[in-house]
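What follows is a short report on a single structure.
Quick note: numbers below take in every heavy atom, side chains included, and nothing from hydrogens, waters or symmetry partners.
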Amino acid sequence: MRDPWSCSVREDQACVCQFCTETDHKTHKTVPIEEEYGERKAQMGKSKDTFQKMIQERLKKVKEIEQAVELSKRDAEREIVDSLQVFAALVCCIERNQAELIEVVEEKQKAAERQAERLIEELEQEITELKSRSTELEQLSNIKDHLHLLQSSTSLYTTLPPTKNWSGVHSDLCVGTVRRAVSQLEETLNKEMEMFPQIKLKRMQQCAVDVMLDPDTACPYLILSEDRKEVRYGAIKQELPDNPERFDCHPRVLGMEGFSSGKFYYEVQMKEKNWWASGVARESINRKGMNVLSPEFGAWTIELRNRNEYGARTELVVPLTMREKPQKVGVFVDYKKGQVSFYDVEARSHIYSFTDCTFTERLCPLLSSPDPSGDNSAPLIFSPVMSEFSQ
């Protein structure tokens, strides 16, 4: 560093300060070189700390990316294993059906050959008899004695020998065999393809979250368990603070945790329930007054009404057909993809999905347990998620 007290010589030979260009630097405040050095060192130290912090942040991000890649790799390996299992089952199914088809066709062919042999034998017998008649007639035709000819049996030429009607006999004895086999194969393949929802459910269960209910949002008619995992409808309205977060009319309650990114999954048990609704709602959903659980009002749910009327709320209610009454429903949300899916956990089958949704705020699990019929007192329960990957 140059001496700040040194002067540079101009054309007029005036002494000029190197820092301030004043002709007389004694007339203003100056900083000793030691103090400036200390300030520079302090600034360099701060910059070094900032750089170290930035480095650590980026190293952390690198580690997160590496972990994400590793998770993705494990997921891909599981997907491959599951896919191989499913397609191996499909190949075995096809090979088994092919072998059965060949066996059926071969058996049909053998039966056709046996029938053909019987038919040929019968035809040859008839041909022999017809030839015999023809020979006898030929001999009679050569008789010159008119009396002898008239005395001979007239049945030889007036009555035809009994023969079968062969007009309905044809060679296509295996008609419909292949068609029936293909139809059976299609039915079998459809059953095997039902494995895919099971694989999807297994993938979703890996995104399981621990969910508890938020008592500050619960309608006064709802009773929560001590562990906040269960909710049931109570006949008597409880005296609870009418805070802004609480549903005041509908028997609804939200989960404690909200999610604004990624994927999450939870399961709800609804045994012995005749009315219920389950799904997710945006954090700002209206808690006061009457409204419906539909995407328009910030909720994506499916519901059961009147014991056996299942539906999904969109602009209108979409009726849902269930093979069996679900005892446990899995709810899966892919926030980025804009999808909310529902699965029958025990049947391992897909129920319904809301797709192409636009989420702009936190989503919270939502449960509704009305009791309009007076026989819906069983609880809705957040149950622990049990899958092959959690064992």
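Checked by atom type, the side-chain pair Thr301/Glu303 shows no donor-acceptor distance below 3.5 Å. For the residue pair Gln52 / Asp49, no side-chain donor-acceptor distance below 3.5 Å is found, with atom types taken as modelled. A donor atom on one side chain and an acceptor atom on the other are not found under 3.5 Å apart for Ser294 and Glu315. Counted by atom type alone, Glu230 and Gln269 present zero donor-acceptor pairs between their side chains at under 3.5 Å. Remark: the Ser369 side chain and the Lys273 side chain contain an N/O donor-acceptor pair separated by less than 3.5 Å.
Under the 4.5 Å side-chain heavy-atom criterion for Ile, Leu, Val, Met, Phe, Trp and Tyr, Leu367 and Val209 are members of the same hydrophobic cluster. Residues Tyr265 and Phe382 are members of separate hydrophobic clusters, defined by side-chain heavy-atom contacts under 4.5 angstrom among Ile, Leu, Val, Met, Phe, Trp and Tyr. Under the 4.5 Å side-chain heavy-atom criterion for Ile, Leu, Val, Met, Phe, Trp and Tyr, Tyr266 and Met270 are members of the same hydrophobic cluster. Linking ILVMFWY side-chain heavy atoms closer than 4.5 Å, directly or via other members, places Val329 and Leu366 in two distinct hydrophobic clusters. Hydrophobic clustering (side-chain heavy atoms under 4.5 Å, transitive across Ile, Leu, Val, Met, Phe, Trp, Tyr) groups Val331 together with Phe259.
Rounded to the nearest 0.5 angstrom, Gln115 CD and Ile120 CD1 are separated by 11.0 Å. Here Lys325 contributes atom NZ and Asn308 contributes atom CG; the two are 8.0 Å apart, rounded to the nearest 0.5 Å. A distance of 11.5 Å separates CE of Met256 from CG of Asp210, quoted to the nearest 0.5 Å. Here the straight-line distance linking atom CG of Asp334 with atom OG of Ser261 works out to 10.5 Å at 0.5 Å rounding. For the atom pair CG (Asp375) and CD (Glu272), the distance works out to 11.0 Å, reported to the nearest 0.5 Å. Taking CD1 from Ile285 and NE2 from His250, the interatomic distance works out to 9.0 Å, rounded to the nearest 0.5 Å.
Counting only heavy atoms from C-beta outward, the side chains of Glu346 and Pro326 never approach each other to under 4.5 Å. Residues Leu254 and Phe247 are in side-chain contact: their nearest non-hydrogen atoms beyond the backbone lie under 4.5 Å apart. Using a 4.5 Å heavy-atom cutoff, the side chains of Lys237 and Pro220 are in contact. Contact of the Val340 side chain with the Phe359 side chain is registered, since non-hydrogen atoms from C-beta on lie closer than 4.5 Å. The side-chain heavy atoms of Lys53 and Glu57, taken from C-beta on, include a pair separated by under 4.5 Å. Annotation: side chain of Glu121 is not in contact with side chain of Glu117 (no heavy-atom distance under 4.5 Å).
The minimum heavy-atom distance between Asn376 and Trp275, with the atom names listed, is ND2-O, 2.8 Å. Taking all atoms of both residues into account, the shortest heavy-atom contact from Ala277 to Leu380 is O-CD1, 4.5 Å. Across every non-hydrogen atom of Leu213 and Lys229, the tightest pair is CD1-C, 4.3 Å. Of all heavy-atom pairs between Cys207 and Phe332, the closest is SG-CE1, 4.2 Å. Between Leu224 and Ala218, the closest heavy-atom pair is CD1-CB, 3.8 Å. The minimum heavy-atom distance linking Cys219 with Cys249 is given by the pair SG-O, 4.3 Å.
Residues Tyr233 and Trp276 keep their aromatic ring centres 6.0 Å or farther apart.
Remark: Gln67 CD is packed, more than 12 non-hydrogen atoms of other residues, nucleotides or ligands lying under 6.0 Å away. Shown here is Gln43, whose CD atom has no more than 12 heavy atoms of other residues, nucleotides or ligands within 6.0 Å. Counting heavy atoms of neighbouring residues, nucleotides and ligands inside a 6.0 Å radius, atom CD1 of Ile236 does not exceed 12 of them. Crowding of Glu257 atom CD: a count of heavy atoms from other residues, nucleotides or ligands under 6.0 Å not exceeding 12. Applying the 6.0 Å contact sphere to CD of Glu324 captures no more than 12 heavy atoms from other residues, nucleotides or ligands. Counted within 6.0 Å of NZ on Lys263, heavy atoms from surrounding residues, nucleotides or ligands total 12 or fewer; the atom is thus considered open.
Ring pair Tyr352/Phe354 is perpendicular by interplanar angle, where above 60° counts as perpendicular and below 30° as parallel. Note: Tyr343 and His350 have perpendicular aromatic rings, judged against thresholds of 30 and 60 degrees for the angle between ring planes.
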Arg252 and Ser368: side-chain contact (heavy atoms from CB on, under 4.5 Å), yes or no, with the steps?
CA-CA 4 Å; Arg252 302 169 184 166; Ser368 178; 3.9 Å; yes
Residue pair Arg282, Arg362: steps toward the side-chain contact (heavy atoms from CB on, under 4.5 Å) verdict
CA-CA 6 Å; Arg282 63 190 180 199; Arg362 283 157 52 96; over 6 Å; no
Is there a side-chain contact (heavy atoms from CB on, under 4.5 Å) between Ile223 and Gln238? Walk through the geometry before answering.
CA-CA 9 Å; Ile223 300 175; Gln238 303 174 85; 4.0 Å; yes
Would Glu107 and Arg114 count as a salt bridge (charged side-chain N to carboxylate O under 4.0 Å, His left out) here? Give the steps.
CA-CA 11 Å; Glu107 184 59 35; Arg114 290 193 295 269; 3.6 Å; yes
In sequence, state the C-alpha distance, the side-chain angles, and the governing distance for Ile381 and Val268, and then conclude on side-chain contact (heavy atoms from CB on, under 4.5 Å).
CA-CA 5 Å; Ile381 304 172; Val268 182; over 6 Å; no
Test ring-ring contact (aromatic ring centres under 6.0 Å, His included) on Phe342 and Trp300; report intermediate values, then the result.
CA-CA 10 Å; Phe342 300 86; Trp300 295 263; over 10 Å; no
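Using a 4.0 Å cut-off between charged side-chain N and carboxylate O, Arg287 and Glu245 make no salt bridge. Look at Lys288 and Asp242 and you find a salt bridge, because one of the NZ, NE, NH1 or NH2 atoms lies within 4.0 Å of a carboxylate O, short of that distance. Ion pairing between a basic and an acidic side chain is recognised when a charged N comes within 4.0 Å of a carboxylate O; Lys61 and Glu64 show such pairing.
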